[in-house]
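All values reported here derive from a predicted model rather than from experimental measurement.
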Amino acid sequence: MKEYYGTKRIAALLMTRLAYNEYRGWNLPSDENGADEGYLVEYQDGGAGNHPDHTGYISWSPKAQFEAAYQPINAMSFGHAIAALKAGERVARAGWNGKSMWLVLVPGSTGLTVEEGRPLAKAGLPIGTRFDYLPHIDMWTAQGNFVPWLASQTDMLADDWMIVTADQAAAA
């Protein structure tokens, strides 16, 4: 078997193995412990639903394995925050002083042209030069502006990253 490492956004509900089997309309296999704690997990990013009450694919995960693999969206590691950015989410740190600050991944643009009077032309690039603007992370500041952003070591080691919803970002 090959090994894999995964990061994705899911919905989950604490549920015993027996409760999950009953929810699915199944009988608990005789060799399984119905009192095992775990989670009903719904994968929201693809795959056909396999239960009439869910649009995404659902399954059950034992508690220890689930909690080792997933973090709440308001207590994520930097790696999970980067994965969330790549999936189109906005992220922020709970520990930041400016509560209205958040990050977004800017995908970049291809085939741009240096134009007269613009900063790149003023910096000496010939007018008409074609270039690509590479993907990068911008921060929405407490002052209501976007600026390029770089992570500090504290940011990279923090576990207080969270997803910022569109409503939270609009209220900022």
Side-chain angles (χ1 to χ4, degrees), residues 2-14 39-49 54-59 61 64-172:
K2 292 183 181 179
E3 292 183 338
Y4 296 86
Y5 185 85
T7 303
K8 60 174 41 192
R9 187 170 180 172
I10 60 159
L13 176 67
L14 193 59
Y39 290 84
L40 179 151
V41 178
E42 181 174 3
Y43 299 93
Q44 302 171 323
D45 62 349
H54 299 270
T55 56
Y57 181 86
I58 66 168
S59 65
S61 179
Q65 287 79 357
F66 178 90
E67 291 177 353
Y70 295 102
Q71 298 168 332
I73 65 169
N74 62 352
M76 299 186 305
S77 69
F78 184 63
H80 284 105
I82 293 294
L85 283 171
K86 288 180 176 181
E89 304 279 2
R90 297 171 188 90
V91 300
R93 287 209 37 223
W96 279 344
N97 291 333
K99 297 302 178 192
S100 59
M101 301 183 314
W102 44 269
L103 306 178
V104 64
L105 178 66
V106 178
S109 302
T110 58
L112 300 176
T113 304
V114 175
E115 298 174 2
E116 189 166 337
R118 303 291 293 169
L120 294 177
K122 290 178 181 179
L125 272 84
I127 304 300
T129 300
R130 295 186 57 79
F131 67 96
D132 293 338
Y133 193 63
L134 298 177
H136 61 278
I137 298 170
D138 277 355
M139 172 186 271
W140 178 257
T141 69
Q143 293 77 31
N145 300 301
F146 278 112
V147 296
W149 181 81
L150 291 174
S152 69
Q153 289 191 28
T154 303
D155 290 328
M156 289 185 278
L157 297 173
D159 288 322
D160 67 345
W161 286 94
M162 59 188 178
I163 291 176
V164 176
T165 66
D167 290 340
Q168 291 168 321

task: Answer yes or no: is there a donor N or O on one side and an acceptor on the other, between the side chain of Glu116 and the main chain of Ile127, under 3.5 Å?
output: no
- prompt: Looking at CG of Leu125 and NZ of Lys122, how far apart are the two atoms once the value is rounded to the nearest 0.5 Å?
  reply: 14.0 Å
More than 12 heavy atoms of other groups within 6.0 Å of Asn97 CG: no
task: Starting at CZ of Arg90, measure out to CD1 of Ile163 and round the result to the nearest 0.5 Å.
output: 11.0 Å
query: Once you round to the nearest 0.5 Å, how far does CG of Leu85 lie from CH2 of Trp102?
result: 10.5 Å
- request: Quick one: sort the Phe146 and Trp140 rings into parallel, tilted or perpendicular, breaks at 30° and 60°.
  value: perpendicular
query: If you look at every heavy atom in Gly95 and Asp160, which pair is closest and at what distance?
result: N-OD2, 2.8 Å
- line: Note: Val91 and Ala81 closest approach over all heavy atoms is CG1-O, 3.8 Å
statement: Rounded to the nearest 0.5 Å, the CZ atom of Phe66 sits from the CD1 atom of Ile10 at a distance of 4.0 Å
task: Taking the side chain as every heavy atom from C-beta outward, state whether Glu89 and Ile73 have any atom pair closer than 4.5 Å.
output: no
- prompt: Between Glu42 (side chain) and Gly56 (backbone), is there a donor-acceptor pair under 3.5 Å?
  reply: yes
- prompt: Could you give all pairs that pass the ring-ring contact (aromatic ring centres under 6.0 Å, His included) test and reach residues 72-94, with sequence neighbours left out?
  reply: Phe78-Trp161
query: To the nearest 0.5 Å, how far apart are CG in Leu150 and NE2 in His136?
result: 10.5 Å
Show which side-chain atoms of residues 105-114 pair as donor or acceptor with protein atoms under 3.5 Å away, not counting sequence neighbours.
residue : atom : partner : partner atom : Å
Thr113  : OG1  : Arg130  : NH1          : 3.2

message: Could you tell me if the side chain of Met101 sits less than 4.5 Å from the side chain of Trp149, heavy atoms only?
response: no
message: Return the CG to CZ distance between Leu120 and Phe131, rounded to the nearest 0.5 Å.
response: 5.0 Å
- line: Closest heavy-atom pair, Asp138 versus Pro148, reported as atoms and distance to 0.1 Å, is OD1-CA, 3.5 Å
